[in-house]
Enquirer: 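I have a structure here, written as structure tokens, and I will follow up with some questions on it.
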Amino acid sequence: MLKIQLIGNAGDVAERRYLKDNSGNFFLELQVAVNTGSKDRKRTDWIKVNINNPKLMAVAEQYITKGTKLYIEGFPGTEGYITKEGKVVSLQKVSASTFEILSSSKATPTDSSSDDAVDPTGDTHSEDTTSTEDDIPHF
């Protein structure tokens, strides 16, 4: 079995892509930026992530926005096309089997001494409440 794990940031919200069979069925497509390399040779790779599990799609549409940090597991693949100039371009893609939201892009960074936790909507609550970022479903 071939499986891939990514940690990166969403380039934008997940977009619906409808199947060409006119059935109305769709999947979600998301671009994820993954930083690689050493401090002096950093590089950002963009990975196309497809989500077709209904439960995962619901979570992705509700919680993922531009900049959201994600952990994604899935099956790797490539996609290619030829440009107008005749150049062959190959893109990396992943069919997500699961993902976990590591941060909310709506959250504002707080220092470690803060007593406030941030929930997925960006609202702050003191730590003695039951609503925290851990309320985000993980699949």
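Residue numbers start at 1 and run along the sequence shown.
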Enquirer: Would you call Glu61 and Arg16 a side-chain contact if the rule is heavy atoms closer than 4.5 Å?
Expert: yes
Enquirer: Find out whether Val49 and Phe99 are in side-chain contact, i.e. whether some heavy atom of one side chain is under 4.5 Å from a heavy atom of the other.
Expert: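 A side-chain contact is absent here, since even the closest heavy-atom pair is not under 4.5 Å.
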Enquirer: Looking at Ile82 and Val88, what are the two nearest heavy atoms and their distance?
Expert: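 Smallest heavy-atom distance, with atoms named: CG1-CG2, 4.2 Å.
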Enquirer: With the 4.5 Å side-chain cut-off for hydrophobic clustering, are Phe27 and Val59 part of the same group?
Expert: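 Hydrophobic grouping puts Phe27 apart from Val59.
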Enquirer: Report whether Leu28 and Leu56 are members of the same hydrophobic cluster (ILVMFWY, side-chain heavy atoms less than 4.5 Å apart, transitive linking).
Expert: yes
Enquirer: Got a second to check how far Leu30's CG is from Arg17's CZ, nearest 0.5 Å?
Expert: 11.0 Å
Enquirer: Below 4.5 Å, heavy atoms only, C-beta onward: do Lys93 and Thr78 meet side chain to side chain?
Expert: no
Enquirer: Is there side-chain contact between Asn52 and Ser95, with at least one heavy-atom pair below 4.5 Å?
Expert: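 No; the side chains remain at least 4.5 Å from each other.
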Enquirer: Could you point out which residue of Ile7, Thr68, Asn9 forms a side chain to side chain contact (heavy atoms under 4.5 Å, CB included) with Leu102?
Expert: Ile7
Enquirer: With a 4.5 Å cut-off on side-chain heavy atoms, are Gln31 and Lys48 touching?
Expert: yes
Enquirer: Working to the nearest 0.5 angstrom, can you tell me the gap between Leu6 CG and Tyr71 OH?
Expert: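 Here the rounded value is 9.0 Å.
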Enquirer: Rounded at 0.5 Å granularity, tell me how far OH in Tyr81 sits from CG in Leu91.
Expert: 5.5 Å
Enquirer: What I'd like to find out is whether the side chain of Thr44 reaches to under 4.5 Å of the side chain of Lys42, using heavy atoms alone.
Expert: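 No, their side chains stay 4.5 Å or more apart.
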Enquirer: Where do Val94 and Gly74 come nearest, in terms of heavy atoms and distance?
Expert: CG1-CA, 3.9 Å
